[in-house]
Every structure is written in C-alpha cells, then in structure tokens.
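Scroll down for the structure; my scribbles are underneath it.
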Amino acid sequence: MIVAGVDGSDSSWRAAAYASGLARRQNATLALVYVQPVLASGAALGAAVVETTEEVAEELMTEIRASAERLRGIWDVRWEFHTFRGDPYTGLVQAADDLTADAVVVGASEQAGHRIIGSVAVRLVKAGRWPVTVVP
C-alpha cells in the first residue's frame, strides 16, 4: 500500500502522480488521503467549516476520478480515496498506520512558515516509521 497525501495543491498532485507510478511498478494499491482540517478557531463558525472541508474532499474525489478515467488502460493502478479529520501530520500518520503503508508520498510544503516549525513532510521523515518521499 502506497499512501499519498493530497490537498489540492500543485505539489500534492505531483506527489499523487509520483505515488501512482510507484504503486504501478510495485503492483501495490494507491491510497490517496485527504486530511480534513479541524480548526479550533473555526469551531465558532460551526457547520460552515465542516461543510467547506467536506466540499474540498468531494472536489478532490471528483478530480481523482476524472484523472483515473482519462488514464484507464494506460496506467492500470488500483486506488482508494480516504479522508481523515485532524491536522495533516496526525491524519497522515493515522492513515499510514491504519492502511499499513509500505511508503508515504507527500508534496513539499509551499508555506513559508514551515521553515520555522517544520513541514508535514519533515515531521513524517523524522517519525521514521515508513519510507517517505517528498515530491517538489
């Protein structure tokens, strides 16, 4: 099982494409994982935050299905789509553990603040529990 984190960013789509090739070559299942953020500050906003993250998950699923349909017959990859709630790091760790990942693939962070506190990718590498590939 190859786990790839997707969030709609360009780097996450590149990571998903890389992970797809990896899964194809290893005859493994590709698990595309979107972690729906749970924002403490959004709690006051109530359902609006939950609905927005659900909409993102649905949009990602629609894009993934469309891509899979376009590539049908060219790249035959078994894939699944999973959503988890929480912060991206914890959600990807939970996904990798629950799905017994052989490897985790994520896109490089595009946020400047991650240079200070560490990106999800760096934290996954430091966890040392699975091979982690970071795709720019």
Side-chain angles (χ1 to χ4, degrees):
M1 176 76 62
I2 308 297
V3 171
V6 293
D7 63 6
S9 67
D10 289 343
S11 66
S12 79
W13 288 125
R14 287 189 295 271
Y18 180 90
S20 176
L22 187 62
R24 181 180 53 84
R25 288 187 298 278
Q26 294 185 3
N27 196 29
T29 300
L30 172 63
L32 298 167
V33 176
Y34 169 61
V35 180
Q36 297 182 32
V38 177
L39 307 172
S41 62
L45 301 175
V49 172
V50 173
E51 288 172 10
T52 300
T53 60
E54 289 291 335
E55 286 174 19
V56 170
E58 288 175 24
E59 288 174 16
L60 289 172
M61 187 63 202
T62 300
E63 283 189 53
I64 292 165
R65 278 198 177 118
S67 294
E69 191 60 36
R70 281 192 307 273
L71 297 174
R72 183 183 300 268
I74 298 171
W75 283 16
D76 191 22
V77 175
R78 293 181 320 273
W79 62 275
E80 306 167 349
F81 181 72
H82 299 271
T83 60
F84 290 82
R85 288 196 180 276
D87 70 273
Y89 170 77
T90 304
L92 285 171
V93 166
Q94 179 184 352
D97 284 345
D98 290 357
L99 300 170
T100 54
D102 296 307
V104 177
V105 181
V106 293
S109 175
E110 298 173 356
Q111 297 179 4
H114 287 168
R115 291 187 192 117
I116 300 168
I117 60 171
S119 68
V120 170
V122 169
R123 293 172 65 195
L124 288 168
V125 170
K126 286 182 178 180
R129 294 161 66 178
W130 328 267
V132 177
T133 302
V134 182
V135 178

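Owing to the predicted nature of the structure, the values given are computational and were not obtained by experimental measurement.
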Heavy atoms, side chains only, cut-off 4.5 Å: are [X] and [Y] in contact?
| X | Y | answer |
| --- | --- | --- |
| Leu92 | Leu124 | yes |
| Gln26 | Ile2 | yes |
| His82 | Leu99 | yes |

Side chain of [X], backbone of [Y]: donor and acceptor closer than 3.5 Å?
| X | Y | result |
| --- | --- | --- |
| Arg24 | Ser20 | no |
| Arg78 | Asn27 | yes |
| Ser12 | Ser9 | yes |

*asked:* For Phe84, I'd like to know if atom CZ has over 12 heavy atoms of other residues, nucleotides or ligands within 6.0 Å.
replied: yes
What are the two closest heavy atoms between [X] and [Y], and how far apart are they?
| X | Y | value |
| --- | --- | --- |
| Ala108 | Ser11 | O-OG, 2.9 Å |
| Ala16 | Ala4 | CA-CB, 4.3 Å |
| Gly8 | Trp13 | O-NE1, 3.4 Å |
| Gly86 | Val35 | O-CG1, 3.3 Å |
| Leu30 | Ala19 | CD1-CB, 3.6 Å |
| Ala96 | Val3 | CA-CG2, 4.3 Å |

Show me the donor-acceptor pairs within less than 3.5 Å that the side chains of residues 129-136 make with the rest of the protein, sequence neighbours left out.
residue : atom : partner : partner atom : Å
Arg129  : NH2  : Asp97   : OD1          : 3.0
Arg129  : NH2  : Asp97   : OD2          : 2.3

*asked:* Quick check for you: to the nearest 0.5 Å, what is the distance between Arg85 atom CZ and Tyr34 atom OH?
replied: 9.0 Å
*About how many Å separate CE of Met1 and CG of Asp98, when rounded to the nearest 0.5 Å?*
11.0 Å
